Amino acid sequence: MMEPKHASELNSIIGDSSRVILDPLVVEQLSRDFYWYSPVLRKQLDGKLGDVVVQPLNAEEIQKILRYCHANSLPVTARGSGTGNYGQAVPLQGGVVLDLARMDRIEKIHPDGVAVCQPGVRLGVLENEARKVGWELRCYPSTIIKASVGGFLGGGSGGIGSVAHGGLRDFQTVRAIEVFTMEPEPRIVFHDGEAVHEILHAWGTNGIITRIWLALTPAVEWSQCVVAFETFAAAYNFSETIANGPEWTKRLVTTFEWPIPSFFTPVLEYAPDGKALIFFMIAANQCAALEDSARESGGTVRFAGKYLGLHARPLLSDYTWNHTTLWAMRSDDAYTYLQCGFNPDTVREQMRQLRERFGQEILFHMEFMKNGEGRVIPGAIPLVYYTTEERLNEMIDFCREIGVFVANPHVNNVEGGGRYRADNVQLLAKVRYDPKGLLNPGKMITFHSESAATGATQK
Ligand code: FAD
């Protein structure tokens with residue numbers, strides 16, 4: 001528990017008491033994210049709270065806050081919109097929740113398609129503004145409307161658009177980042193080129209992102225399309241053809257086995273009983289060809305229409321990526337999920353083995369994602385019917401045994417989640433920028449074990 005004097009001091013530093021929040025309800029709300037997707041993390045993180053929420057408006061305020069927190073050894077946990085899934089933004093040791101939502105200015109969208117913005121800009125706002133000048137996001141999470149750019153860089157990986165443009169970390173999508181360090185005199189460090197990887201997906205443990213240069217892609221007129229197939233195998237075959245075919249301009253190719261579509265209550269009219277479904281975002285001028293091709297392959301087109309932006313109804317992306325899990329949990333809260341990468345050459349055999357071993361405890365929800373080498377990989381966010389932690393771990397182990405990559409969403413540290421870089425650049429940046437270990441403490445476990453080994457202060 002933080003001493004009350006610190007809140008008063010932060011108040012005088014900021015000079016605006018409305019942005020130094022102690023109201024327990026607000027502090028609780030802004031200390032949480034979507035960690036409860038995981039029954040394992042729910043047990044670990046329920047009740048973990050910051051002591052105070054501070055809402056800076058600019059870099060100068062961030063610098064003053066960090067300087068004070070460093071001097072007084074107060075933990076600081078950055079927060080965008082709190083839509084992360086692994087307790088990324090949940091403070092483990094109290095302290096300051098640094099809510100960056102008010103730093104939400106798009107500074108510029110350059111004619112060459114690079115947006116420069118503050119961390120609190122919502123991805124949906126950036127997408128809408130970019131489209132006005134002929135650009136759009138290369139990839140975005142299904143939480144686009146709420147999620148922030150800073151939070152996406154700090155904790156996200158990819159999503160809609162990744163089938164064509166890869167993940168956030170690929171193809172120099174993040175051109176540059178400015179971060180504040182947590183040192184006696186916090187300073188801004190500019191990262192570009194390969195150096196952005198020191199900061200990406202580090203969960204705010206090694207710097208506070210204050211400015212971002214994000215590469216966009218030329219805007220496309222999109223259509224949305226839903227196709228049903230008798231069997232999951234037929235649906236998967238068709239979706240794979242479209243995802244892999246360079247002639248198709250696509251933003252989303254998501255395949256669900258039954259009964260997953262039965263969880264999508266607002267769009268049940270497109271989900272015939274017992275059938276597998278594919279949700280597409282496809283270039284509007286290719287939609288008719290896609291429909292023809294789907295029918296030739298035995299599919300039934302259940303919906304097709306021009307995409308009218310993020311307020312479109314239906315908005316198919318609302319049922320894809322990790323939104324699928326949310327719909328399943330609404331139907332039965334025993335559902336949870338895994339994040340997998342299948343081998344494109346043996347994916348059918350891998351799925352067969354999983355079905356044989358775990359039956360309906362695992363339900364296939366496939367997403368396609370281009371990897372850094374330009375190959376489209378069948379990713380998956382399968383639903384898991386949770387019974388015990390042992391059984392969940394058995395499933396993860398079995399996936400790995402048969403060559404399915406798992407980024408484990410049931411752990412609360414950067415390293416365990418599977419997106420940690422083997423070259424340790426995130427850890428090395430933490431050692432440089434946050435030597436006291438005050439930024440989101442407890443989330444980069446290699447730092448804490450190293451500092452324990454060298455006798456450095458542990459937070
Ligand atoms: P937050 O949750 O606020 O923060 C995420 C992490 O970044 C935290 O560790 C936080 O400390 C850190 N952080 C935030 N701001 C800063 C900053 N300025 N400087 C340094 N660190 C910072 N993710 C995907 O990648 N793809 C998906 O398709 C996807 N779908 C989702 C669907 C649902 C229904 C849900 C609940 C989550 C989904 N997610 C997905 C996870 C999450 O929505 C995204 O990663 C999102 O981009 C996080 O943004 P945020 O602003 O909410 O970040």
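Quick caveat, the model's predicted, so the values are computed rather than measured. Atoms within each ligand, like the ligands themselves, are counted from 1 in listed order.
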Compute the shortest N/O to N/O distance between [X] and ligand 1 and return yes if it is under 3.5 Å, no if not.
| X | result |
| --- | --- |
| Gly158 | yes |
| Ala147 | no |
| Pro141 | no |
| Ile208 | no |
| Arg79 | no |

Just need the protein heavy atom nearest to [atom], so name the residue and atom and give the distance.
| atom | answer |
| --- | --- |
| atom 31 (C) of ligand 1 | Asn322 CB, 3.4 Å |
| atom 2 (O) of ligand 1 | Gly84 N, 2.9 Å |
| atom 50 (P) of ligand 1 | Ser81 N, 3.5 Å |
| atom 38 (C) of ligand 1 | Asn85 OD1, 3.3 Å |
| atom 33 (C) of ligand 1 | Thr143 CG2, 3.4 Å |
| atom 34 (C) of ligand 1 | Tyr37 OH, 3.0 Å |
| atom 21 (N) of ligand 1 | Gly204 CA, 3.2 Å |
| atom 48 (C) of ligand 1 | Thr83 OG1, 3.3 Å |

**Report entry** Shortest heavy-atom approach to atom 8 (C) of ligand 1 - which of Gln88, Met329, Arg211
**Finding:** Gln88
**Report entry** Per atom 49 (O) of ligand 1, closest listed option by heavy atom (Ala202, Gly151, Gly87)
**Finding:** Gly151
Counting heavy atoms only, which part of [X] comes closer than 4.0 Å to ligand 1: side chain, backbone, both or neither?
| X | answer |
| --- | --- |
| Asp33 | neither |
| Trp203 | both |
| Pro119 | side chain |

Query raised in the report: In terms of side-chain heavy atoms, does Gln339 have a donor or acceptor partner in Tyr86 at a distance below 3.5 Å?
Result: yes
Requested in this report: Please lay out, stage by stage, how Asp434 and Lys430 fare under the test salt bridge (charged side-chain N to carboxylate O under 4.0 Å, His left out).
Outcome: CA-CA 5 Å; Asp434 179 27; Lys430 184 162 178 77; 2.6 Å; yes
What are the atoms of ligand 1, with element, lying closer than 4.0 Å to any heavy atom of [X]?
| X | answer |
| --- | --- |
| Gly150 | 15 (N), 16 (C) |
| Gly156 | 25 (O), 45 (O) |
| Ser157 | 24 (C), 25 (O) |

Report task. Determine, step by step, whether Arg122 and Glu127 satisfy the salt bridge (charged side-chain N to carboxylate O under 4.0 Å, His left out) criterion, reporting the C-alpha distance in whole Å, the side-chain angles of both residues, the deciding distance to 0.1 Å, and the verdict. Result -> CA-CA 9 Å; Arg122 292 192 176 203; Glu127 161 85 357; over 6 Å; no
Query - Gly207 heavy atom under 4.0 Å from ligand 1 - result: yes
Query raised in the report: So is Asn440 in contact with ligand 1, going by heavy-atom distances below 4.0 Å?
Result: yes
Query raised in the report: Tyr236 vs Phe232 aromatic rings, parallel, tilted or perpendicular, using cut-offs 30° and 60°?
Result: tilted
Report task. Check the angle between the aromatic planes of Phe279 and Tyr319 and answer parallel, tilted or perpendicular using the 30° and 60° thresholds. Result -> perpendicular
Query - Tyr335 and its ring-ring contact (aromatic ring centres under 6.0 Å, His included) partner, picked from Trp327, Tyr386, Tyr385 - result: Tyr385
Query raised in the report: Is there a salt bridge (charged side-chain N to carboxylate O under 4.0 Å, His left out) between Arg251 and Glu136 once you walk through the steps?
Result: CA-CA 11 Å; Arg251 211 178 192 189; Glu136 65 187 21; 3.7 Å; yes
